[in-house]
Enquirer: 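My questions all concern the structure below.
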Protein chains: 2
Amino acid sequence: MPYDPSAFPPFAVTVDLVVLTVRRHSLCALAVRRGEPPFQGRWALPGGFVRDDEDLSQAAARELAEETGLCAHDPAAPAQDNGAHLEQLATYGDPKRDPRMRVVSVAHLALAPDLPAPRAGGDASNARWAPVEELLAQGGYGRDGEPVAPLAFDHAQILADGVERARSKIEYSSLATAFCPPEFTVGELRRVYEAVWGVALDPRNFHRKVTGTPGFLVPTGGTTTRQGGRPAQLFRAGGATLLNPPMLRPEV
Amino acid sequence: MPYDPSAFPPFAVTVDLVVLTVRRHSLCALAVRRGEPPFQGRWALPGGFVRDDEDLSQAAARELAEETGLCAHDPAAPAQDNGAHLEQLATYGDPKRDPRMRVVSVAHLALAPDLPAPRAGGDASNARWAPVEELLAQGGYGRDGEPVAPLAFDHAQILADGVERARSKIEYSSLATAFCPPEFTVGELRRVYEAVWGVALDPRNFHRKVTGTPGFLVPTGGTTTRQGGRPAQLFRAGGATLLNPPMLRPEV
DNA sequence: ATCATAGTCGTCTGCCTGACGATAAACACT
DNA sequence: AGTGTTTATCGTCAGGCAGACGACTATGAT
């Protein structure tokens with residue numbers, strides 16, 4: 001049995017990406033327009049086939065670079081120059097999830113700071129950042145009132161799972177800094193939490209919390225006034241990845 | 001491109017299982033002995049190919065039933081008669097993880113109460129419960145002094161990831177009850193936490209904590225004395241899946 | 001000058017936690 | 001029957017953290 005290729009059914013394996021960022025106070029995901037059937041013209045998550053000699057994380061990093069120009073952020077390299085956080089999310093393998101053939105998709109979650117306009121093979125009209133509520137509003141209407149078709153395949157489920165992962169993971173890890181530029185203020189970090197969780201946080205308690213959690217933030221010494229108001233201290237992400245004590249998400 | 005099978009490399013897709021239980025105060029995993037190369041005679045995690053018409057979770061549930069006789073516990077069914085908790089863990093797809101061919105393995109994590117001896121296709125000598133430290137002690141020695149070979153393939157990594165998932169998930173979810181029989185005492189639940197985390201917990205504070213967390217435990221009215229000492233109240237798992245406030249794992 | 005905006009520092013109160021004393025109810029001895 | 005051992009359960013107390021919120025600071029806009 002071991003070497004007989006007929007002993008197991010062949011699968012296609014893909015990686016799909018949930019790329020999240022925070023723009024204009026709302027959590028947005030990268031969506032690309034499908035150029036071919038099935039689901040031609042519909043929005044979908046970026047992704048593609050895993051190549052013959054690639055590891056899954058390599059394939060995800062390659063797709064991420066192709067779609068956004070971002071370098072995947074190796075967990076071992078804390079200096080996040082232009083790197084996004086990238087981690088495996090979950091794997092989706094319903095026999096009917098792709099009408100053409102049996103496809104197993106290993107979804108990955110990427111978190112990136114706010115970026116300029118996306119590019120999908122150089123074609124800007126086929127890729128965009130969209131608020132996740134808009135992408136998940138099945139058959140609803142977008143911000144400009146036009147009807148929005150649901151995402152292709154099972155990508156709505158994948159996106160929902162990715163958003164939920166991000167929401168819960170910024171609670172007990174320093175992952176929220178992956179949404180920020182290399183240097184950021186406490187207020188910018190707070191707006192990340194507010195956008196991802198969709199809640200308002202008390203600026204004073206938030207400030208006390210994040211500056212008091214060891215290893216979360218290290219001051220750079222500089223200040224900025226890019227938000228208006230009194231100048232704010234600039235910070236970099238500290239070495240800690242697990243927050244102790246964790247940030248607490250307010251009750252529903 | 002869409003319908004051309006030559007456009008993507010074919011993969012074999014398997015499910016591997018990390019089946020955990022608590023026996024004799026220690027966290028144990030199910031291991032099976034490989035009967036064929038590669039890694040013939042070595043211990044490995046149970047698993048097998050995903051069939052053509054199966055979803056990944058169905059394949060995992062089927063393998064679990066074949067190896068242990070357990071029914072997979074659907075998250076929607078809170079009554080855990082003889083059902084184990086089953087959830088997807090992660091997917092492993094290094095091109096060289098199987099020397100024969102390109103295999104992507106979707107690992108699943110199963111948590112079960114203490115069971116009678118395992119069976120692997122009816123052959124008891126080819127399946128066993130082993131303490132996870134023993135299985136993870138690369139090239140170390142088992143409890144009876146005989147040398148232990150490391151697990152086959154990348155199964156040591158998969159097992160380590162599964163154990164870590166279990167350790168962190170019993171902190172903020174009611175998953176620890178999946179290690180207990182349908183009715184159990186606070187002391188039995190505490191010994192689960194102690195075995196999984198490998199720490200000693202204060203019985204008084206633990207009792208206050210779990211009985212005070214809403215939805216975690218519901219008293220059945222009965223008592224038992226199977227642990228010796230004063231009779232203890234019996235409880236069933238409550239409906240809550242997420243614990244608020246969470247259990248706190250003591251510091252390192 | 002005045003206002004609006006955003007940041008930062010304090011205070012107070014209630015809740016949770018860890019440490020630990022005390023009591024209760026079974027069993028195993030003598 | 002009495003005594004010790006084991007496990008379960010209840011209480012107390014001090015320290016720490018979180019939410020609510022007042023106060024003050026430093027900038028730009030009018």
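Just so we're on the same page: letters track the sequence lines, and every chain starts at 1.
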Enquirer: Taking atom P of dA18(D) as reference, at what distance in whole Å does atom CD of Glu171(A) sit?
Expert: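 Interatomic distance, CD of Glu171(A) to P of dA18(D): 13 Å.
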Enquirer: Near DNA chain D, counting only heavy atoms under 4.0 Å, which residues of residues 195-202 of chain A show up?
Expert: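 Result for residues 195-202 of chain A: Asp202(A), sorted by number.
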Enquirer: Between Arg167(B) and Trp197(B), is a side chain to side chain contact (heavy atoms under 4.5 Å, CB included) present by the stated rule, with each step listed?
Expert: CA-CA 6 Å; Arg167(B) 283 189 175 139; Trp197(B) 285 343; 4.1 Å; yes
Enquirer: Measure from the side-chain N and O atoms of Gln88(B) to the backbone N and O of Ala107(B), and report whether any donor-acceptor pair falls under 3.5 Å.
Expert: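 Side chain of Gln88(B) to backbone of Ala107(B), a donor-acceptor pair under 3.5 Å: no, none is there.
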Enquirer: Could you check how far CG of Leu248(A) sits from C1' of dG14(C), rounded to whole Å?
Expert: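 My rounded result for the distance is 15 Å.
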Enquirer: Would you indicate what Arg191(B) reaches in the nucleic acid, counting non-hydrogen atoms under 4.0 angstrom: base, sugar-phosphate, or nothing?
Expert: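 Sugar-phosphate, backbone atoms only, no base.
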Enquirer: When the aromatic ring centroids of Phe206(A) and Tyr193(A) are compared, is their separation below 6.0 Å?
Expert: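 Yes - the distance between ring centres of Phe206(A) and Tyr193(A) falls below the 6.0 Å cut-off.
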Enquirer: Whole-Å distance between dT9(D) P and Arg190(B) CZ?
Expert: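 Distance, rounded to whole Å: 10 Å.
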Enquirer: Going by modelled atom types, is there a donor-acceptor pair between the base of dA25(C) and the side chain of Arg230(B) at under 3.5 Å?
Expert: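 There is none.
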Enquirer: Any carboxylate oxygen within less than 4.0 angstrom of a Lys/Arg side-chain nitrogen, looking at Glu164(A) and Lys169(A)?
Expert: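 Answer for the salt bridge query: no.
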Enquirer: Got a sec? Which of residues 203-225 of chain B come in under 4.0 Å of DNA chain C, heavy atoms?
Expert: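 Residues of residues 203-225 of chain B that come under 4.0 Å of DNA chain C are, in numerical order, Arg204(B), Asn205(B), Arg208(B), Lys209(B).
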Enquirer: Report yes or no: is the cationic atom of Arg128(B) (NZ for Lys, CZ for Arg) under 6.0 Å from the centre of the six-membered ring of Trp43(B), at an angle within 45° of the ring normal?
Expert: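 Pair Arg128(B)/Trp43(B) counts as cation-pi.
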